[in-house]
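In what follows, a structure is listed as structure tokens, so that the remarks can point back to it.
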Amino acid sequence: METAGLQVFDFDLDGRQDILFLSRGIAGQPILMGNFAPIIPGGVPQFHDVTTTVGLLSTGDIGGAVAADFNGDGDQDIFLGKAGGVDGNASAPVEAFFQSTQMNSTEETPANSFYSIDLVSASNANNSMGIGAVVSVYADGLVDPVGTQQVDGGSGRGGQMDHTLIFGLGNYSVLDEVIITWPNGFQQIETNLALGSHTTIFDDTIISI
């Protein structure tokens, strides 16, 4: 498959990053959504094509894609944009597609645990959205983080990823702590956080929702 770009995010919140491949201006070429999961419990994760499962049926050139929690249910959804005049048709209209990415399309509540976070700097010590900050999440008493992400200032093709970080936590039962390393190097540790919640963390205060 010839691709024009990709987006990486954990659409099923199992703790493993999945890949959305964008097609490159070839009529009839599908988008490809790949899920990494073990075939047997405890096995090595392998690539699975879940394009049809999540309902991605659009074909042809995709001008941009953004993954974000548009409907507020805790998981990341996909917004795709198709520019006009593509697929060999100069008069082709501009099109946009939205897709909620639950594996079970009849159930909007995510099956796996998650935690989401926004960073805000109210001082001059860091930029206002904490772009460049690194966030690590620890769960179930494990020494190593179960997920680490960085607030992205700009990436992808034709779109900007959401600055809200969403961590898929699979079957973890307890969220122990979150460690934020801000762009200026200051390290902040937050505890007493709940799975399935969204938190806005400032570089001096915290607000939970």
Side-chain angles (χ1 to χ4, degrees), residues 5-20 35-37 45 64-79 100-102 108-157 159-209:
L6 55 83
Q7 296 287 3
V8 179
F9 63 104
D10 183 5
F11 87 94
D12 55 358
L13 302 176
D14 67 350
R16 291 179 288 266
Q17 296 299 302
D18 309 304
I19 304 177
L20 171 69
N35 168 247
F36 287 91
V66 174
D69 184 11
F70 291 102
N71 56 6
D73 66 349
D75 66 346
Q76 288 172 290
D77 311 299
I78 303 170
F79 186 83
S100 177
T101 56
Q102 275 296 309
E108 275 303 308
T109 302
N112 290 315
S113 299
F114 69 93
Y115 171 72
S116 65
I117 180 174
D118 281 316
L119 298 182
V120 178
S121 177
S123 66
N124 293 324
N126 295 283
N127 63 80
S128 62
M129 291 189 297
I131 293 173
V134 176
V135 179
S136 294
V137 173
Y138 293 78
D140 284 9
L142 297 175
V143 175
D144 295 322
V146 298
T148 297
Q149 296 184 41
Q150 185 172 32
V151 182
D152 187 2
S155 65
R157 177 176 183 240
Q160 167 61 48
M161 292 298 286
D162 191 7
H163 64 271
T164 298
L165 302 182
I166 298 178
F167 292 86
L169 297 175
N171 295 319
Y172 291 111
S173 58
V174 178
L175 180 59
D176 298 322
E177 65 182 18
V178 172
I179 299 179
I180 306 104
T181 302
W182 291 88
N184 68 350
F186 173 69
Q187 192 171 80
Q188 182 173 348
I189 301 176
E190 298 292 345
T191 57
N192 298 318
L193 305 171
L195 290 173
S197 66
H198 174 79
T199 305
T200 298
I201 294 182
F202 294 78
D203 48 5
D204 53 2
T205 59
I206 180 172
I207 298 176
S208 297
I209 300 175

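Keep in mind that the numbers below use all heavy atoms, side chains included, and drop hydrogens, waters and symmetry copies. Heads up: numbering here begins at 1 and tracks the sequence.
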Quick check against the 3.5 Å criterion: does [X] have a side-chain atom that pairs as donor or acceptor with the backbone of [Y]?
X      : Y      : result
Asn112 : Asp12  : yes
Asp118 : Thr200 : no
Gln187 : Trp182 : no
Gln188 : Phe202 : yes
Asn127 : Ile131 : yes

[X] side, atom [atom1]; [Y] side, atom [atom2] - distance, nearest 0.5 Å:
X      : Y      : atom1 : atom2 : answer
Glu177 : Ile189 : CD    : CD1   : 5.5 Å
Ile117 : Glu190 : CD1   : CD    : 8.0 Å
Leu169 : Ile166 : CG    : CD1   : 11.0 Å

Q | Partner residues of Asp140 under the side chain to side chain contact (heavy atoms under 4.5 Å, CB included) criterion, sequence neighbours left out | A |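 Here the qualifying residues are Tyr172, Ser173, Val174.
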
Q. Can you name the side chain to side chain contact (heavy atoms under 4.5 Å, CB included) partners of Gln150, sequence neighbours left out?
A.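 Scan of Gln150 (side chain to side chain contact (heavy atoms under 4.5 Å, CB included), adjacent residues dropped) gives Val134.
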
Q. Side chains of Ser121 and Ser128: do they bring a donor and an acceptor to under 3.5 Å?
A.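 The criterion, which ignores hydrogens and geometry beyond distance, is not satisfied for Ser128 and Ser121.
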
Q. Can you find a side-chain donor-acceptor pair between His198 and Asp69 that sits under 3.5 Å?
A.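 Per modelled atom types, His198 and Asp69 side chains form no pair under 3.5 Å.
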
Q: For the residue pair Thr148 and Ser136, establish whether any side-chain heavy-atom pair is separated by less than 4.5 Å.
A: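 The answer is yes; the side chains approach within 4.5 Å.
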
(Q) Pair Val135, Phe167 - check side-chain contact (heavy atoms from CB on, under 4.5 Å), show working. (A) CA-CA 10 Å; Val135 179; Phe167 292 86; 3.9 Å; yes

